[in-house]
Amino acid sequence: MKKYLRFRWILLTMAALAIIGLTGMNVYSLYALHESTISAAADRQKAQLSDFSFTTRSRFRAPVAGIWKLNMEQLHDEFDQRLPLNTSLADVLFDATEDPLFGTVYFAYPDFDNCSTQGAIQRFDPTTRKLTTAGDVPDFICDGLGLTRTRMKVLLQDYRWSTKVVFDTHRTMTVALINPRGTEIVGYLTFEINNDYLINDYLSNQLVEAFGTGDQSGMSVWLHDWLKNEVLATNTPNVPYQRRKVQYIQRFPDLLDNWNLKVVFDESPAVIASKANLTRNLLVMGGALTLLLGSLTLMLILAQKERSLLERQAGFLANVTHELKTPLAMMQAAGENLADGRVTNPDRLKTYGKHIHTESLRLRHMIEKLLDVARNDAGQHIIKPKPYSLGVLVQNYMNEHQPLIKSSGFDPVIVIPDNLPLVMVDKDSFETILGNLVEDAMKYSIDEKYLAVRLIHDSQSISLQVEDHGLGIPKKSMKYIFDKFYRAEDTLTARTKGHGLGLSIVKSLVELSGATITVESTYRKGSVFSVTFPIHVASSKKQPQMVNPKAKIEYAS
Ligand code: ADP
């Protein structure tokens, strides 16, 4: 049996480990899923940002696309001979000046060297659609031209395209016109960029259009001039820009060098949904885990209880065999002597008779207790409640057992108030309850032999109190004393004989009688057991309620 119990322990522990392992794995995969949702959402958002920067660049494309279609060789010849502006190019430039993104358009011949050289820089006049000599050229135009010329010096040798676009930050876009055959510069066109339109009209609207407000896109995007540390536009005007919170930076490809997009990823709807899902799953899993581990723990506790019950039962059997054998052996010896006729002395005859009597009483007592337990286990207690005066029952019991009690050194205090109402009890059960409590009180009083039996009464109930000033019950044993075969693990208790059955019988009889039992005990000071019986209004028509359906109840006629 022990082996089997140990095996059960191992199985239960393995089950607990398996449950914990499975839950751990599940939690891990739930988190991994959530993380991948987050990173997929972030990847989507980054792709969106990259798209945005390319779309911004393509906003500048219109004039460049127009220039591509022109014949560079022809343009080269015309510029070489300083002929008036070709109409196709004039159309392209006119369209550009109509576009709010661009301001004035300037032209420089390939050999321009210095902005201040008279006639080196031409300005496109949209009214006449002609190039005119620009007198006063703004510095940033010269910067754009200079930048492009320097860049082309490096590139030109291997360049195979007819245009090269060079942005000078957000100020100008310069298109170098190249004759790919001769690998020579045809001229430079510089478009002034209208910053006011670019920021306040175009990019501001585009940001909102592309990313919505923060809630919709799951990110706050600021167009930021890092050189001046200045926010130019944003899709979430109500969210203040905080540098340390920026999670991602998107640059523009080859243009707007001083500007970039600073981004804070908020939780996108997909991430919020995944988070809610994760929380819900974790809660359900936590609940299931608690339930499973709870039931496993319960099973372990029950297994443990069963085991200790089995151990106690085994101890009980050994004990009981011994206790049954002792009186039997004594009776056998006394009986033998008497049967032999060897004992003739009347005094000795009397002593033998007494011996046999007391031993048979002890035996009967033990057998009755065992039968009580057996009946109790089988649910076969027969309860015959009749209206009794508990005062009379207590008095009768105490009178009957007075000699034994006195001979054990006790002078019992008996308190029975006058005019107690009748209570519906089963006489035998009441006597068993009282008998066991008094027996225990005497058994567990070693030094001070004090025994009090009282009846206390209020309008609802009558309580039977049995008090002693004996060993008392250790605190940790209190909740077990009504368990079958339980005996307090205490050296003092160990010195008394018993099997841990009395109180378990008392408890079940108390329950069958519809009463309740409580105990107050202080270790080494004494104990008070109280059994409270409800007062039923005794009426021949009204039957008392059945308390335990297992018990058969017979009513007084
Ligand atoms: P037994 O007396 O045969 O051991 P019981 O069921 O009557 O069995 O009591 C169970 C345990 O409760 C006892 O072993 C003892 O430890 C404790 N107990 C019961 N009554 C008293 C008491 N009056 N004083 C101290 N301990 C008690």
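Order of listing sets the numbers, starting from 1, for every ligand and every atom in it. Owing to the predicted nature of the structure, the values given are computational and were not obtained by experimental measurement.
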Discussion item. Quick test of your reading of the structure: of Tyr444, Tyr480, Tyr523, whose heavy atom lies closest to atom 22 (C) of ligand 1?
Written reply: Tyr444

Out of all atoms in ligand 1, which are within 4.0 Å of some heavy atom of [X]? Include the element for each.
X	answer
Gly500	1 (P), 3 (O), 4 (O), 6 (O), 8 (O)
Lys443	1 (P), 2 (O), 3 (O)
Phe529	20 (N), 23 (N)
Leu503	5 (P), 6 (O), 7 (O), 9 (O), 12 (O), 19 (C)
Leu501	6 (O), 8 (O)

Worksheet item: Above 12 or not: heavy atoms from other molecules or residues under 6.0 Å from CG of Asp458?
Response: yes

Worksheet entry | Gln250 side chain near Asn260 side chain, heavy-atom distance below 4.5 Å | no

Practice prompt. Identify the two heavy atoms, one from Ile535 and one from Pro421, that lie closest to each other, and give their separation to 0.1 Å.
Written response: CD1-CG, 3.7 Å

Worksheet item: Minimum heavy-atom separation for Val394 to Val453, with atom names?
Response: CG1-CG1, 3.8 Å

Item to complete: Supply the atom-to-atom distance Gln247 CD to Gln45 CD, rounded to the nearest 0.5 angstrom.
Response: 9.0 Å

Discussion item. Just to be sure I read this right, does ligand 1 sit under 4.0 Å from the backbone of Ala488, its side chain, both, or neither, counting only heavy atoms?
Written reply: both

Discussion item. Test your reading of the structure: does Leu471 have an N or O sitting under 3.5 Å from an N or O of ligand 1?
Written reply: no

Item to complete: Inspect the contact between Lys443 and Asp440 and indicate whether a charged nitrogen and a carboxylate oxygen are less than 4.0 angstrom apart.
Response: yes

Worksheet item: Strictly under 4.0 Å, does any heavy atom of Gly470 approach an atom of ligand 1?
Response: no

Worksheet item: Short question: side chain of Asn345, backbone of Asp347 - any donor-acceptor pair under 3.5 Å?
Response: yes

